[in-house]
Amino acid sequence: MNEELRSISELDRVIHEPGRMMIFMLLGAVKECDFLYLLHETEMNKGNLSSHLTRLEQAGYIEIEKTYRGKVPQTLLRLTGSGRKAFDQYLTQLMTALKPTEKRARSRRNSTAGLARIVAAGTRV
Amino acid sequence: MDATLRNPLSRPKRYDKNDGTAEMVVGIMAMGFALLGSWQAILPQNSIGRHGFAEALLFFAGFLLMAGLMHWVSRAIKRRITWPRTGYVAHHLGGPTAKSKKSFWTVMITIAVLGAVMAASVAYLKRPPNFGLAEQHGVLGWSQDWINFGWIGAAVINVANYGWLICSKDRNYPWKRLVLLFMVLGLCAIAVVASRDLAAMGRTMLLVTGLTWIGSGGVTLYWFVRHTQRPTQETA
């Protein structure tokens, strides 16, 4: 198996799920946020988001802190060190796997654009 | 993390500006400076608040008051309006990339140069007969002319900053282009109509731009409140 394909098979499945990937993308860009922010940004339902968060907490990738803001309960969420490291590693693996495919897609796009230009020039003549 | 992935991740930073607090803060600052300048201008000529150390101290105290007000307004809006609706978020992780830092400074320097050129043009066209001549006014008179020139520059920079904000970050609000047009036309109208008193002209310009920033922030906040609802039950 070549290196690119192997990196696909080694992707972290906890992060690879689209819902959890969204959570990682959002948490990766901030210091911390609350449940409502994630709910608003991901547009998932509460149960769905909650189960993803529990899964990530079990994997040790996020930290969940139950607190209060005034009298209102607040659930603060942040990536742990290992979560951040796992996400960086996941991205690197994903990039390695996608690089050849991306190159191929780009050259295909260029050749299609070139063909379109030739056809357009022919039509003008 | 790869730079290409940083752009989608910078989305939470835009979240800070969704509720118009950033605009209100800039508006409060501009308006505060303009009012402080106006208040100093109406003090009698021999008043302690118009000379030397006391003048600087007064300005510093005013600045501190404004900074406190800006912080309080922004925190109060976030705590009472924004966070209960769309959630709390704390930023400042990672910091800007070298590329975004460079583009930020390019824009800032361009705006500053633009401000200086525009202010110089207005000051030149509206100059008093002996503008900037140290021999006729003494050093103090000369520096006062340039402080007045600074007021106009600050107003122009304020407008340019607004243009940058709506071009780079607030593209979702097309009506802000009209606000920008209003600011530009307002400044031009003040420059044409005002007398040769550069200080009064600069302060008026700064006051108008400050009020416009606050108004724009207020409308953005109203829009935000109208289009986002508090969750029906405790979700936080």
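In the text below, chain A, chain B and the rest are named by the order of the sequence lines, each starting its count at 1.
- A donor-acceptor contact shorter than 3.5 Å is absent between the side chain of A:D34 and the backbone of B:G87.
- Around CH2 of B:W39, the count of heavy atoms belonging to other residues, nucleotides or ligands within 6.0 Å does not exceed 12.
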| query | B:Y88 and A:L76: side chain to side chain contact (heavy atoms under 4.5 Å, CB included), yes or no, with the steps? | reply | CA-CA 9 Å; B:Y88 159 80; A:L76 288 177; 3.6 Å; yes
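- Counting heavy-atom neighbours within 6.0 Å of B:F182 CZ, excluding the residue itself, gives a total of 12 or less.
- With contacts defined as side-chain heavy-atom distances shorter than 4.5 Å, the pair A:L36/B:R85 does not qualify.
- Minimum interatomic distance between A:V30 and B:A90 (heavy atoms only, all atoms of both residues): CB-O, 3.4 Å.
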